Amino acid sequence: MSSVQTICVLGSTGSIGVSTLDVIARHPDRYQVFALTAHSQVVKLAQQCEQFSPQVAVVGSAAAATELQVLLKEKKLMTQVLYGPQALCDVASASECNTVMAAIVGAAGLPASLAAAKAGKKVLLANKEALVMSGQLFINAVTDSGAVLLPIDSEHNAIFQCLPFNYGRQAQAHGISKVILTASGGPFLNRSLESLSDVTPDEAVAHPNWVMGRKISIDSATMMNKGLEVIEAHWLFATPADQIDVLIHPQSVIHSMVSYEDGSVLAQLGNPDMRTPIAYGLAYPERINSGVAPLDLVKIAKLNFEAPDFSRFPCLSLAYAALRAGQTASIILNASNEIAVQAFLDGKIGFRMIDQIIARVMDKIALSVADDIDSVLECDRVTRRVTSSLIAS
Ligand code: NAD
Ligand code: MG
């Protein structure tokens with residue numbers, strides 16, 4: 001049995017954060033929580049502090065910190081309360097923790113995820129936007145520090161499980177011909193593009209197989225989620241765009257596959273429950289109980305597959321184009337998507353406007369080089385400004 005891991009959960013009040021704590025709670029002999037972080041859900045965070053007694057809790061603002069301190073005092077808890085982006089980086093790189101679950105949503109999660117990578121932690125990466133934005137920079141941080149990067153996104157976790165143990169980011173050396181990302185197709189798989197003009201946020205977040213945060217749920221409906229995952233796969237496994245395929249598989253039972261030159265295709269299967277990849281990441285290279293029900297293939301009976309329809313899911317094409325165009329294109333894709341998705345959730349634009357706005361912003365902003373964190377964040381800021389003013393007009 002390995003020694004106790006001390007864990008920082010960035011984004012503990014979110015969908016991935018809650019699933020992570022569910023797995024941790026099943027193995028108190030293996031895991032100890034060092035820090036929990038949340039943006040604004042103070043009451044939920046206080047409850048988590050009561051259950052897991054972290055040394056530190058981080059929130060988004062001074063007001064939220066004061067509120068949390070009052071709640072913790074009522075519960076007679078000793079947890080130290082910090083707030084703001086620097087505090088997130090501090091807990092993610094603190095010497096007291098050895099494992100970081102990076103589960104903040106969106107670009108907001110990049111600095112702390114990168115801090116964990118630079119500090120040589122075992123990084124469980126759910127925050128795909130961080131890798132999409134920073135690409136090589138993130139991978140270099142992992143390599144330079146000797147961090148262990150374990151993908152939590154179910155598709156990438158599946159691929160990781162299907163790669164040779166000594167993979168070392170060299171597809172050619174291992175006879176890999178394709179990485180195949182499966183996609184459920186989301187709630188609008190069989191809808192025509194025209195019929196999507198007036199869908200509501202609640203219709204769009206209602207994913208058929210997975211329960212997730214609102215942003216990623218909208219990304220699943222537009223299939224931008226799969227587009228971001230194509231870019232994520234490129235960086236995680238050093239796979240060129242041409243060797244990454246997307247396959248529609250509505251049941252979400254096969255979480256992804258790796259196809260080898262000898263004709264073998266290795267797949268990882270399971271019920272669609274994020275606790276499986278989370279448990280795999282936590283215990284790697286061991287296996288532990290995750291609380292996920294065993295897969296009953298007799299009950300499921302049928303697994304279906306079809307090719308993705310790029311014309312009905314323009315976001316998927318936009319993402320492949322961004323990957324081929326270079327790093328700043330991916331930053332622009334990600335930032336314009338975050339702003340457009342929020343505008344849709346806020347009722348400011350229709351569903352179909354999401355891909356149109358991203359396409360226009362990608363056309364509008366000239367590509368440059370973003371090979372350090374400041375230029376990545378600057379490109380992200382500029383894109384947010386341009387996208388917001390486009391939406392306002
Ligand atoms: P969520 O919206 O449920 O939770 C997001 C978490 O991030 C919350 O704890 C919130 O407090 C925190 N947060 C939000 N904005 C913040 C800010 N500005 N600063 C600091 N913290 C902030 O999201 P989720 O569904 O748990 O997804 C988290 C990440 O994991 C995303 O990057 C998503 O793409 C990825 N992911 C999620 C799933 C899933 O099943 N939910 C699957 C694969 C990958
Ligand atoms: Mg995924």
Side-chain angles (χ1 to χ4, degrees), residues 8-22 35-45 47-48 57-61 64-65 68 82-89 91-92 101-113 115 123-133 150-160 181-186 205 207 209-220 223-233 236 246 249 252 254-256 268 270-278 281 292 334 337-338 341-342 345 380 384:
C8 165
V9 184
L10 302 169
S12 66
T13 53
S15 165
I16 293 288
V18 168
S19 293
T20 303
L21 291 178
D22 181 283
L36 295 175
T37 89
H39 197 48
S40 55
Q41 284 185 282
V42 172
V43 173
K44 192 168 179 178
L45 182 59
Q47 286 162 353
Q48 292 180 338
V58 182
V59 288
S61 65
L68 181 62
L82 304 172
Y83 67 90
Q86 185 55 48
L88 291 174
C89 294
V91 290
M101 166 55 82
I104 291 173
V105 61
L110 171 60
S113 306
V123 184
L124 311 186
L125 188 70
N127 181 207
K128 67 191 83 182
E129 297 92 342
L131 194 54
V132 167
M133 292 172 73
L150 296 168
I152 296 305
D153 213 346
S154 58
E155 296 76 4
H156 307 74
N157 191 272
I159 292 163
F160 186 82
L181 295 172
T182 52
S184 69
V205 297
H207 196 279
N209 306 340
W210 301 92
V211 181
M212 310 180 286
R214 284 172 81 75
K215 190 263 177 184
I216 184 176
S217 297
I218 301 300
D219 286 347
S220 299
M223 283 194 75
M224 178 58 92
N225 182 50
K226 208 51 54 182
L228 297 174
E229 289 181 359
V230 167
I231 302 174
E232 184 185 14
L236 283 171
V246 170
H249 164 44
S252 300
I254 296 182
H255 298 315
S256 276
Q268 185 260 354
N271 285 317
D273 186 321
M274 289 306 293
R275 290 176 301 174
T276 295
I278 290 167
V292 176
N334 180 66
N337 179 58
E338 283 191 29
V341 167
Q342 193 55 53
L345 286 171
D380 176 74
R384 281 163 197 273

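Whatever order the structure lists ligands and atoms in, that order sets their numbers, starting from 1. Keep in mind that the numbers below use all heavy atoms, side chains included, and drop hydrogens, waters and symmetry copies. Note that this is a predicted model, so its numbers are computed, not measured.
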**Message:** Looking at G270, is its backbone amide N or carbonyl O close enough to the side chain of H255 to form a donor-acceptor pair, meaning the two atoms are under 3.5 Å apart?
**Reply:** yes
**Fill in**
Restricting D153 to its N/O/S atoms, the closest one to the Mg ion (ligand 2) is OD1
**Asked** Are the side chain of K226 and the backbone N or O of T182 linked by a donor-acceptor pair below 3.5 Å?
**Response** yes
**Asked** Is a side-chain N or O of T276 found less than 3.5 angstrom from the main chain of P272, in a donor-acceptor match?
**Response** no
**Request:** Please name the atom of E155, restricted to N, O or S, that is closest to the Mg ion (ligand 2).
**Result:** OE1
**Asked** Is the backbone N or O of A107 less than 3.5 Å from a side-chain atom of E338, with the two atoms forming a donor-acceptor pair by type?
**Response** yes
**Asked** Given V105, I104, N127, T37, which has its nearest heavy atom closest to atom 21 (N) of ligand 1?
**Response** I104
**Message:** Any side-chain to backbone donor/acceptor pair from K44 onto T13? Under 3.5 Å, distance only.
**Reply:** yes
**Prompt:** Nearest to atom 3 (O) of ligand 1, what protein heavy atom do you find, and at what distance?
**Reply:** S15 N, 2.9 Å
**Prompt:** What atoms in ligand 1 come closer than 4.0 Å to a heavy atom of I16?
**Reply:** 26 (O), 30 (O), 37 (C), 38 (C), 39 (C), 40 (O), 41 (N), 42 (C)
**Request:** Just jot down the ligand 1 atoms closer than 4.0 angstrom to any heavy atom of I216, in number order.
**Result:** 25 (O), 33 (C), 34 (O), 36 (N), 37 (C), 38 (C), 42 (C), 43 (C), 44 (C)
**Message:** Starting from atom 34 (O) of ligand 1, what is the nearest protein heavy atom, named by residue and atom, and what distance separates them?
**Reply:** K128 CE, 3.2 Å
**Request:** Answer with yes or no whether M274 contacts ligand 1, where contact means a heavy atom under 4.0 Å from a ligand atom.
**Result:** yes
**Request:** Decide whether an N or O pair under 3.5 Å exists between D153 and ligand 1.
**Result:** no
**Prompt:** Which residue and non-hydrogen atom of the protein lie closest to atom 2 (O) of ligand 1, and at what distance in Å?
**Reply:** G213 CA, 3.9 Å
**Request:** Ignoring hydrogens and angles, tell me if any N or O in the side chain of H207 forms a donor-acceptor pair with the backbone of S220 under 3.5 Å.
**Result:** no
**Prompt:** What is the nearest protein non-hydrogen atom to atom 28 (C) of ligand 1, stated with its residue, atom name and distance?
**Reply:** A103 O, 3.4 Å
**Asked** Any side-chain heavy-atom pair from I216 and V105 closer than 4.5 angstrom?
**Response** no
**Item:** H39 N/O under 3.5 Å from ligand 1 N/O
**Value:** yes
**Message:** Does M274 form a side chain to side chain contact (heavy atoms under 4.5 Å, CB included) with I16? I'd like the steps, not just the answer.
**Reply:** CA-CA 7 Å; M274 289 306 293; I16 293 288; 3.8 Å; yes
**Prompt:** Just distances here: any N/O of A108 and N/O of ligand 1 closer than 3.5 Å?
**Reply:** no
**Message:** In the structure I gave you, are the side-chain heavy atoms of L21 and V9 within less than 4.5 Å of one another anywhere?
**Reply:** yes
**Message:** Distance under 4.0 Å to a non-hydrogen atom of A38: what atoms of ligand 1 satisfy this?
**Reply:** 11 (O)
**Item:** Heavy-atom donor-acceptor pair, E229 side chain to H156 backbone, under 3.5 Å
**Value:** no
**Those atoms of ligand 1 less than 4.0 Å from some heavy atom in A126** = 30 (O), 32 (O), 35 (C), 36 (N), 44 (C)
**Item:** Backbone N/O of S184 and side chain of N209: donor-acceptor pair under 3.5 Å
**Value:** no
**Asked** Which ligand 1 atoms does E129 reach within 4.0 Å, using its non-hydrogen atoms?
**Response** 31 (C), 32 (O), 34 (O)
**Sidechain-backbone polar pair: D153 side chain, A126 backbone, donor-acceptor under 3.5 Å** = no
**Message:** In this structure, does ligand 1 have an atom that sits under 4.0 Å from one of the heavy atoms of G17?
**Reply:** no
**Prompt:** So, does N127 use its side chain to make a donor-acceptor pair with the main chain of I104 at under 3.5 Å?
**Reply:** yes
**Request:** Measure the distance from atom 4 (O) of ligand 1 to every protein heavy atom, then report the residue, atom name and distance (to 0.1 Å) of the closest one.
**Result:** G14 CA, 3.1 Å
**Message:** Is it the case that ligand 1 has an N or O less than 3.5 angstrom from some N or O of T13?
**Reply:** yes
**Message:** What is the name of the N/O/S atom of E229 that is nearest to the Mg ion (ligand 2)?
**Reply:** OE2
**Q41 touching ligand 1 at heavy-atom level, < 4.0 angstrom** = no
